[in-house]
Amino acid sequence: MPERIIMHIDLDAFFAAVEVRENPELKGKPVVIGADPMQGRGRGVVSTCSYEARKFGIHSAMPISRAYKLCPTAVFLPVNMELYQQASIEIMNILRRFADKMEQVSIDEAYLDISNKVKDYPEAEQLAKLIKKAILSEQRLTCSIGIGPNKTIAKIASDFKKPDGLTIVKPDEVKYFLSNLPVRKLPGIGPKTEAELKKLGINTIGELASFPMQKLFDIFGKYGIFTHMLANGIDESEVEQNYGIKSMNRQLTFAEDTGDIDLLNKVMGHLAEELHAELVASNLMLKTVGIRVRYEDFETHTAEKSFKFAVNDVALIKKTSKELLKQFMGHKRIRLIGVRIANLEKGKQATISQYS
Ligand code: TTP
Ligand code: MG
């Protein structure tokens, strides 16, 4: 495979930054986006927060009540998804101007394969600066960019210096760059795998890279080999041109834990309708429906079902999420319920004949 140059772009404190842009009075203040804190009695979670709020220890997915305790004087704002979605569409359109191959991976991040656009890393750096300038001048937002020989390196690099960072990792620097980073920085390694690796005496990516692959295979199976390759900076996955986000989700934390299946189904129905509206507005179809269930003790489970063909039927989203929920009912009450649609594909374009 010829040498590639891949860029990963991730907006800084995205939801919070858009809110600050819309209301400059918030600039420099700790801003927390998420559920209503209700003077510390709120039960939802933090979606994200400004870097000023992060200094207090607040972060994404933290209970909003804890965020309130850490900084009661922060500005707490509800999630205004439409606003962020619009900003996201405009940002992705800017990025499309700079690459012939772009893969959007979430509302605020994308990979660009710039191998055909630049001849070397210094040129890639110039391109990254141009992109940052365009996003800042056209959207008044900052982003962090990572550049490397593959997607994994680019992604870790974009996270390396945030906010407003630009980190370039050339092929001969990959090993050194990864060596002292904690294993958690590798995409796909969550708290569980991290704990298991720790038991083996593996804390850094460098330690993982030099650990015998056979032993990792014995413990983790194929996933062990895959992770070992990533730790060695090997990732041949392509930047897959797509037309927007691959998944969407909506969730709700109940004011009181519940075991009421009718209520749960009703809420999931609303979430499904919201997702469906977003799906249709984006002219997309889905292949996978998933749910997330968090019990009163915070134990969290997910389940999903995939279809052979892409669909955009709201009744099917509702029916599937209800079916998926059944297995989680019974022994404990539920605190949070979420619905997710994934494997999104471009929907059928409307044709003139439909209107004639
Ligand atoms: P991230 O890019 O993970 O976070 P961020 O942009 O807020 O901050 P960073 O500077 O570290 O990149 O996620 C993008 C948006 O997705 C984020 O602004 C809000 C939303 N989000 C949630 O709603 N819940 C979550 O748990 C996470 C991680 C993100
Ligand atoms: Mg971000």
Side-chain angles (χ1 to χ4, degrees), residues 7-22 26 29-37 42-64 66-67 74-92 94-95 103-112 131-132 135-136 139-146 154-167 184-185 187-191 244-253 271 274-275 278 292 294 298 300 302 336-340 342:
M7 192 185 273
H8 181 260
I9 295 139
D10 189 303
L11 274 287
D12 302 319
F14 185 51
F15 294 3
V18 175
E19 294 288 357
V20 174
R21 175 185 81 177
E22 299 300 306
L26 299 177
K29 292 186 183 161
V31 176
V32 181
I33 313 297
D36 184 348
R43 289 168 41 99
V45 292
V46 172
S47 282
T48 193
C49 61
S50 63
Y51 277 78
E52 288 83 358
R54 292 181 198 197
K55 288 187 197 140
F56 292 85
I58 302 173
H59 58 76
S60 291
M62 168 183 277
I64 199 79
R66 171 125 185 81
V75 179
F76 288 87
L77 296 173
V79 174
N80 182 350
M81 195 56 99
E82 271 154 54
L83 179 66
Y84 318 140
Q85 203 80 55
Q86 188 53 40
S88 170
I89 290 170
E90 289 167 18
I91 291 159
M92 296 302 155
I94 294 177
L95 296 182
E103 178 180 347
Q104 183 180 349
V105 269
S106 77
I107 192 161
D108 82 329
E109 60 176 312
Y111 291 102
L112 265 54
I131 291 176
K132 276 168 156 290
I135 294 178
L136 188 62
Q139 288 293 316
R140 284 179 290 129
L141 293 169
T142 64
C143 64
S144 297
I145 298 186
K155 176 152 173 100
I156 299 173
S158 76
D159 187 52
F160 191 68
K161 220 175 127 239
K162 255 185 170 288
D164 203 13
L166 170 53
T167 304
R184 268 301 280 283
K185 293 282 173 187
I189 295 198
I245 25 187
K246 278 187 176 166
S247 69
M248 301 173 177
N249 58 72
R250 285 280 192 286
Q251 60 181 44
L252 182 92
T253 304
L271 299 176
E274 281 183 32
L275 286 171
E278 203 178 322
R292 169 193 286 258
R294 180 167 296 151
F298 282 83
T300 306
T302 58
L336 170 152
I337 189 95
V339 180
R340 173 172 179 270

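Just follow the structure's listing: the first ligand is 1, and inside any ligand the first atom is 1.
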Problem - Any donor-acceptor N/O pair, Lys132 side chain to Cys143 backbone, under 3.5 Å - result: yes
Practice task
Answer yes or no: is there a donor N or O on one side and an acceptor on the other, between the side chain of Asn249 and the main chain of Val339, under 3.5 Å?
Solution key: no
Exercise for the section: Classify the contact between Val79 and ligand 1 as side chain, backbone, both or neither, using a heavy-atom distance cut-off of under 4.0 Å. Expected result: neither
Practice task
Indicate whether the side chain of Asp12 and that of Ser144 have a donor and an acceptor atom separated by less than 3.5 Å.
Solution key: yes
Exercise for the section: Consider every N or O of Ala16 and every N or O of ligand 1, then say whether any pair is closer than 3.5 Å. Expected result: no
Practice task
Do me a favour and list the nearest non-hydrogen protein atom to atom 7 (O) of ligand 1 with residue, atom name and distance?
Solution key: Thr48 OG1, 2.5 Å
Completion exercise
Of all protein heavy atoms, the one nearest atom 24 (N) of ligand 1 is Ser47 O, 3.4 Å
Practice task
Output yes when a protein non-hydrogen atom is found under 4.0 Å of atom 3 (O) of ligand 1, and no otherwise.
Solution key: no
Handout entry: Structural part of Tyr84 in contact with ligand 1, heavy atom criterion under 4.0 angstrom
Key = neither
Practice task
State, with a plain yes or no, whether a side-chain heavy atom of Leu11 is found less than 4.5 Å away from one of Ile135.
Solution key: yes
Completion exercise
One finds that the ligand 1 atoms under 4.0 Å from a non-hydrogen atom of Phe14 are 5 (P), 6 (O), 7 (O), 18 (O)
Practice task
Using only heavy-atom distances, determine whether the side chains of Glu19 and Tyr84 contain a donor-acceptor pair under 3.5 Å.
Solution key: yes
Exercise for the section: Could you tell me whether the Mg ion (ligand 2) has an N, O or S atom of Asp108 under 2.8 Å away? Expected result: yes
Handout entry: the Mg ion (ligand 2) contact by Asp10, N, O or S atom under 2.8 Å
Key = yes
Exercise for the section: Give yes or no for whether the N/O distance cutoff of 3.5 Å, strictly under, is met between Val46 and ligand 1. Expected result: no
Fill in the blank from the handout: In this structure, atom 13 (O) of ligand 1 is nearest to the protein heavy atom Asp108 OD1, 4.0 Å
Exercise for the section: Before signing off on this row, confirm whether Ala13 and ligand 1 have an N or O atom pair separated by under 3.5 Å. Expected result: yes
Practice task
Specify the protein heavy atom at minimum distance from atom 18 (O) of ligand 1: its residue, its atom name, and the distance to 0.1 Å.
Solution key: Phe15 N, 3.0 Å
Problem - Under-4.0 Å heavy-atom contact with ligand 1, by part of Arg54 that carries it - result: side chain
Exercise for the section: Could you tell me whether the side chains of Glu90 and Gln86 share a donor-acceptor contact shorter than 3.5 Å? Expected result: yes
Exercise for the section: Please check if any side-chain donor atom of Thr300 sits under 3.5 Å from a side-chain acceptor atom of Arg294, or the reverse. Expected result: yes
Exercise for the section: May I ask you to check whether Phe14 brings an N, O or S atom to under 2.8 Å from the Mg ion (ligand 2)? Expected result: no
Practice task
Write out the residue and atom name of the closest protein heavy atom to atom 10 (O) of ligand 1, then the distance separating them to 0.1 Å.
Solution key: Tyr51 OH, 2.6 Å
Exercise for the section: Could you pull out the closest heavy-atom pair between Met7 and Ala154, with the gap in Å? Expected result: C-CB, 4.1 Å
Completion exercise
To the nearest 0.5 Å, atom CG of Leu26 lies from atom CD of Glu52 at 10.0 Å
Practice task
Using a 4.0 Å heavy-atom threshold (strictly under), name the region of Glu109 that reaches ligand 1: side chain, backbone, both or neither.
Solution key: neither
Handout entry: Protein contact of atom 26 (O) of ligand 1 - nearest heavy atom, named by residue and atom, plus distance
Key = Ser60 CB, 3.6 Å
Practice task
Please determine, by modelled atom types, if Gln85 and Ser88 share a side-chain donor-acceptor pair under 3.5 angstrom.
Solution key: no
Practice task
Go through the side-chain N and O atoms of Gln104 and Glu109 and say whether any donor and acceptor fall under 3.5 Å apart.
Solution key: no
